[in-house]
Amino acid sequence: MTQEDLRHLFRAVGDGSGLSHSNTYYEEELALAFRNRGMPLEGLRYDITPTGMHYLLIHFDIPAADADSWQLDIGGLVSNPISLSMADIRQRPRVTMPVTMECAGNGRARLNPRPVSQPWLLEAIGTAEWAGTPLRGVLEEAGVGSSAVELVFTGSDEGVQGGEAQLYQRSLTVNDAMRDEVMLAYEMNGAPLEPQHGYPLRLIVPGWYGMTSVKWLNTIEAVSEPFTGYQMDQTYRYKTSPDDPGEPVSTMRVRALMIPPGIPDFMTRTRLMDASAVVLSGKAWAGRLGVTQVEVSVDDGMNWQQATLGKQVGQFAWRNWSFEWDAKPGRHYLSVRATDEQGNVQPSAQPWTLQGMGNNLVQRVEVIVR
Ligand SMILES: Nc1nc2c(c(=O)[nH]1)N[C@H]1C(S)=C(S)[C@@H](COP(=O)(O)O)O[C@H]1N2
Ligand SMILES: [Mo]
């Protein structure tokens, strides 16, 4: 294949002609995208995402925090309000768990019309090994009262969103908060949390979209009414119009992603590879559910073939899959889709919602085989 052939096949040139014009992004979205990195999809090769490759989502600023003076206060409708230092928390029973986390807004950048927010394509994903203490033990010690229906988790980071000054706050029902796997985490991948991931303490709620795992956690309050803060009532809802209250976003929907094969074109990320038999691979996850099937299409979604399921990294972490492809010369569109144990399968058409939440559209990778 000559250089001229390649230039023709990859279309895009330095002036941007040949790039996709379906979306024009605002400078403010670009600024958000720089603050909140995604995991490069080749990172799907690691069972545990290296910390520096794990995606980030930070609504406001990363707050200054000092582990030596940090306190977690548990109060509200509890019989024994307590205040724990980081030393107190580290002395409690320790658990370590790999957990796959995805931002609820993953995939929203290609919606039309597009919700203007952090413009994720597909990279708002990662799996880390979190260490900490089970939340339940702490709640039992505080004695959550029978009139409490929810626990409100507050981070120390503050900002303005939707015209409302606020601390970052999310709630869980008492039942959801009491689940065995919910954790107060102080380590990620064997090291203290890095500032951007919630140092010194965060909540980890395995199986749920990331917004639930409150970072820089310093207060837990038991309350008698469902919490109606901004991050519960105004956003993280499956809304179809501005006045639709929408169902709350909760656990992660089934999804598979593939490591893009071959080598990328710098601008378009279209792939180039030689004709040969190759193994396509990646990861699949389904919130608290198991992944029962992964299928691959090498003809732009016309036909689907079974992939081989591989190692599951943990009960609340993604599992590996692989598929052998005999790549023949030409332009191809590869896709992958997963099915969960309840029979939910990823959609091939974009499911639109106002805020672009829970978008689990199948991935499509353009590959040129020479
Ligand atoms: N205090 C606080 N916690 C937070 C956030 C935040 O902005 N502030 N972002 C949430 C969102 S939307 C996501 S997707 C995850 C991202 O966690 P990570 O940056 O460690 O990957 O953190 C959640 N916890
Ligand atoms: Mo998120």
Side-chain angles (χ1 to χ4, degrees), residues 32-40 43 48-65 70 72 98-109 115 117-132 152-162 164-172 182-189 191-220 229-232 234-237 248-253 285 287 317 355-360:
L32 277 176
F34 279 128
R35 291 185 56 78
N36 298 301
R37 65 166 180 241
M39 185 192 76
I48 300 294
T49 312
T51 303
M53 288 175 80
H54 193 285
Y55 87 94
L56 285 177
L57 197 296
I58 300 147
H59 286 236
F60 308 131
D61 286 352
I62 298 166
W70 197 261
L72 174 66
V99 175
T100 294
M101 197 190 290
E102 182 179 16
C103 180
N106 204 13
R108 71 154 75 89
S117 185
Q118 163 72 22
W120 294 121
L121 293 168
L122 288 172
E123 310 79 358
I125 180 72
T127 296
E129 189 135 58
W130 303 97
V152 181
F153 300 87
T154 304
S156 70
D157 53 325
E158 202 170 2
V160 182
Q161 196 177 347
E164 232 179 81
Q166 58 189 282
L167 292 158
Y168 187 88
Q169 294 185 301
R170 288 275 309 175
S171 69
L172 282 174
V182 180
M183 186 194 307
L184 296 171
Y186 45 76
E187 282 178 21
M188 178 183 186
N189 296 343
L193 299 182
E194 293 195 353
Q196 66 277 15
H197 285 294
Y199 175 86
L201 188 70
R202 75 178 299 172
L203 187 65
I204 289 290
V205 186
W208 285 59
Y209 281 113
M211 71 285 169
T212 317
S213 293
V214 176
K215 302 193 268 193
W216 311 292
L217 178 69
N218 58 18
T219 311
I220 303 176
Y230 186 89
Q231 306 293 337
M232 298 300 297
Q234 300 303 310
T235 185
Y236 300 111
R237 319 281 307 190
V249 174
S250 59
T251 54
M252 294 184 289
R253 289 176 170 171
W285 61 94
Q355 300 169 336
M357 295 287 163
N359 186 302
N360 61 344

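Counting begins at 1 with the first residue of the sequence. Everything numeric in this text was worked out from a predicted model, so none of it was measured. First listed ligand is number 1; within each ligand, the first listed atom is number 1.
Here the CD atom belonging to Glu123 is positioned 8.5 Å from the CE atom belonging to Met39, to the nearest 0.5 angstrom.
Taking each heavy atom of Val214 and Arg170 in turn, the nearest pair found is CG2-CB, 3.8 Å.
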Candidate pair Leu57 and Tyr55, rule side chain to side chain contact (heavy atoms under 4.5 Å, CB included), full reasoning | CA-CA 7 Å; Leu57 197 296; Tyr55 87 94; 4.2 Å; yes
Acceptor/donor pairs from residues 192-203 side chains to any protein atom, 3.5 angstrom cut, sequence neighbours excluded:
residue	atom	partner	partner atom	Å
Glu194	OE1	Gln196	NE2	2.8
Arg202	NH1	His197	O	3.2
Arg202	NH2	Ser213	O	3.0

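Taking the six-membered ring for Trp and thresholds of 30 and 60 degrees, Tyr236 and His59 have ring planes inclined between 30 and 60 degrees apart.
Between Thr219 and Leu72, the closest side-chain pair of non-hydrogen atoms is not below 4.5 Å.
Protein neighbours of ligand 1 below 4.0 Å, counting non-hydrogen atoms: His54, Tyr55, Leu56, Leu57, Ile58, His59, Met101, Cys103, Asp157, Tyr168, His197, Arg202, Gly210, Met211, Ser213, Val214, Lys215, Trp216, Tyr236.
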